[in-house]
There are 4 protein chains.
Amino acid sequence: MPKRDAKQDITKAAAICFARNGVDKTSIDEVAREMGASKGKVYHWFRTKGELLLSVRQQSILSVMERVKPIADTPAPTTERFLDMAQAHVHGILDDLPFHRVVVENLRSGLAGATTEHERAFLTEIVALQASYEDLFREVISAGQKDGSFRQQSTSVAVNSIIVLLNAPIFWYQPRPEETETQREDIAKQVARMALGAISI
Amino acid sequence: MPKRDAKQDITKAAAICFARNGVDKTSIDEVAREMGASKGKVYHWFRTKGELLLSVRQQSILSVMERVKPIADTPAPTTERFLDMAQAHVHGILDDLPFHRVVVENLRSGLAGATTEHERAFLTEIVALQASYEDLFREVISAGQKDGSFRQQSTSVAVNSIIVLLNAPIFWYQPRPEETETQREDIAKQVARMALGAISI
Amino acid sequence: MPKRDAKQDITKAAAICFARNGVDKTSIDEVAREMGASKGKVYHWFRTKGELLLSVRQQSILSVMERVKPIADTPAPTTERFLDMAQAHVHGILDDLPFHRVVVENLRSGLAGATTEHERAFLTEIVALQASYEDLFREVISAGQKDGSFRQQSTSVAVNSIIVLLNAPIFWYQPRPEETETQREDIAKQVARMALGAISI
Amino acid sequence: MPKRDAKQDITKAAAICFARNGVDKTSIDEVAREMGASKGKVYHWFRTKGELLLSVRQQSILSVMERVKPIADTPAPTTERFLDMAQAHVHGILDDLPFHRVVVENLRSGLAGATTEHERAFLTEIVALQASYEDLFREVISAGQKDGSFRQQSTSVAVNSIIVLLNAPIFWYQPRPEETETQREDIAKQVARMALGAISI
DNA sequence: TATGAATGAGTTTTCATTCAT
DNA sequence: CATGAATGAAAACTCATTCAT
């Protein structure tokens, strides 16, 4: 099995378990059981539990970025561009809810718990990744403020708050068996529209 | 010492510890040490660690409600009323940051981990309290939608999202020693203004 | 409330709790709750939990002795006397099952756990009481061996074994709501008859 | 090390400790220390302390059964067969006294304390094993009642009482350093003889 | 006499991590 | 690469006991 696959399988299993019971109530044994392997396999690919959590976080950022970056690179007008980016973000959240829930619930423990040299290096990398993701929004908002589409205000506060707002469904969305696709579409549209309103003049 | 005092002292110590290291990384021993008492005292007043967390959550809701309710009861126009409520909420969050951080980071564990009969009863009570707090916002938003101040959209999604947005500083605000008061004022104003924009026409 | 009553009430509550969940799984709090009092009351009358267990044991011996001694003092022929004593013993066991169960299940812990000076003194007293009870059977068996009614064999082994046999219902008798009186009568008769057979020629 | 060995080693160490101080006064740490291993090892093989106790009980039944079953399968006349079975049972008890003491002292706690799903399943298995052992005596006693060797009486009461009687040495036999073998022989003979008398015409 | 708050030692259990195979 | 036995450091929780009221 190539390196990538093994690591991704484990990361996915970890995300599922972490989302189900919380990081601290999930044992490595449980993660292994989730993917039908033994504890040893997990430790073969990840040195510590913290590294596993960081891996989940990395995946979470990458998966949303994959959707948002292409739109950010578009030359569309700021308002339209922002709206599309926001909607793509919410869609990404809704499509992979457990993954993102884990991350949001463990932002701080990620910062505090990185004890190993290895972990710290990994964390630095992820923080940079997160920053580069936030920059996508920083840029479009900044541009909108310059061209008069968006209100003049602290860009930092705006960017941070907007991202929290776009993550909001994490806290209250309960996937239902029926008509999920349309529902998600509606939620994504509404939340993105609210985000636009939050920064518009 | 009357019942209230002991329980409140313990709850406060717990909030401090939970905020510092996270709930799972905090031992009951540490909570006891924080208030210069013995582990036994904590267990005399709270049967489980989960009950202690619920107590923190209860205080958190009550303290914000105390600030917001009087404004909600005001006959001011919806837009103005909403803006003031929102600002009061953010202010409450910023003034007691650690307390509220604990709660937001552990919303789901509160739901999943309530194993004891006692805990479940307590949780039900708190869920009702939280619902009654959210109703303050539900009502003003609903009123604004009727009188044409606010956009027509799902009220549930709007209320839930707005509350997450007002909680946003939890995720990024770092209190600094200097000029905190003005800073907070500015942040509260800006976030409240963004919230208003998020629902306005 | 006179001394006797308080101590007896507590002893009875303790016996009930001990029989229900075992001595070690019963807290003093539970004993207090059983009689609608507070932990402090128990500790006012008994210095340690071990003393409480000894008190249960004392009551157990006294209550059976009360039934058996009058018969032992009778001048009836050995065979008849033994049979009546045995039957009275079994009856006593069945009438106060929980009490006696506790004692039998904790014979050794009574010996090992007596740590306090006070407890040791109490234990000595109870061991003497138990010995004097066993003597009732020792005497009748001994007499029967001399007059040719009972088999010649080690009297110690005989006495010890007979008493265990007479206690046997402790291990398997389950009181049922219906027709208990006749049932008990039958069991007492049969077990007593078996005991007689065990020592007869 | 094969599975069997580890589990058996732990069970044996547990039996020794339980017999020495009682189940409740024995910590898992002590069991581990007894066999020069770590607490973790015990928990690797047994999920709970209760399961460990059940394992001791299982061994206890199996070891006596091993001695008695071959005799029960013999075509000897009922009286002789019963006497030999009884003697074998007492011998088994005396040879492994601590083991059997543990079991008898904790018969009920085994029933009440089985909380885990796993434990309940194990308990069911053991109850069946115990029943099959008792059946050996039920059958010979029943046969003796039919062929006129034994008194007509409730077979259940007889079987239960006889087994308690055969276990009696548990309560009073103190192994001494000198001349143990002959002593045991005598005790086994006498107790078996008493048991026979208890059911004979 | 009785109460119940407080203590702190002790117990079971869990789990990340290591390592021989 | 993968397994799973073994370790040992926590951590939650219990409870006998004390003591001020």
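A, B, ... follow the sequence lines: proteins, then strands. Residue 1 opens every chain.
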> Between A:D29 (CG) and F:dA2 (P), how many Å, whole number?
Replying inline: 16 Å
>> Can you see if the side chain of C:H44 gets near the phosphate of E:dT1 - specifically, an N or O under 4.0 Å from OP1 or OP2?
In response: no
> side chain to side chain contact (heavy atoms under 4.5 Å, CB included) with A:F46: which of A:L54, A:T11, A:V31?
Replying inline: A:T11
>> Expressed as a whole number of angstroms, how long is the span from B:D9:CG to E:dA5:P?
In response: 15 Å
> Going by distance alone, is a donor N or O of one side chain under 3.5 Å from an acceptor N or O of the other, for C:E30 and C:N21?
Replying inline: yes
> Quick one: are D:R57 and D:L123 in side-chain contact, heavy atoms under 4.5 Å?
Replying inline: yes
> In Watson-Crick or G-U wobble terms, both distances under 3.5 Å, what is the partner of F:dT21?
Replying inline: E:dA2
> Are any of A:W45's side-chain N or O atoms less than 4.0 Å away from OP1 or OP2 of F:dA2?
Replying inline: yes
>> Side chain of A:Y43, heavy atoms from C-beta onward: which of E:dA16, F:dA12, F:dC15 has the nearest atom to it?
In response: E:dA16
>> For B:E34, run the salt bridge (Lys or Arg N to Asp or Glu O under 4.0 Å) check against B:K39, B:K12, B:R20 and tell me which one passes.
In response: B:R20
> Given atom NZ of B:K41 and atom P of E:dG4, what is their separation to the nearest angstrom?
Replying inline: 17 Å
>> With nearest nucleotide decided by heavy atoms, which residue, A:G50 or D:I28, maps closer to the 5′ end of DNA chain E?
In response: D:I28
> Given atom CZ of D:F46 and atom C1' of F:dA5, what is their separation to the nearest angstrom?
Replying inline: 14 Å
> Tell me: CD1 of B:I10 to P of E:dA6, nearest whole Å?
Replying inline: 7 Å
> Could you give the CE-to-C1' distance, from C:M35 to E:dT3, as a whole number of Å?
Replying inline: 14 Å
> Separation of C:K7 atom NZ from E:dT1 atom C1', in whole Å?
Replying inline: 14 Å
>> Treating B:T26 as the side-chain partner and B:C17 as the backbone partner, does any N or O pair qualify as donor plus acceptor under 3.5 Å?
In response: yes
>> Applying a 4.0 Å non-hydrogen cut-off, can you work out what C:K39 is touching in the nucleic acid: base, sugar-phosphate, or nothing?
In response: base
> Once you round it to whole Å, what is the distance between P of E:dC15 and NZ of B:K25?
Replying inline: 14 Å
>> Assuming nearest nucleotide by heavy-atom distance, tell me which of A:S38 and D:S38 is located more 5' along DNA chain F.
In response: A:S38
> Which residue, B:G40 or A:D24, contacts DNA chain E at a nucleotide closer to its 5' end, judged by nearest heavy atom?
Replying inline: B:G40
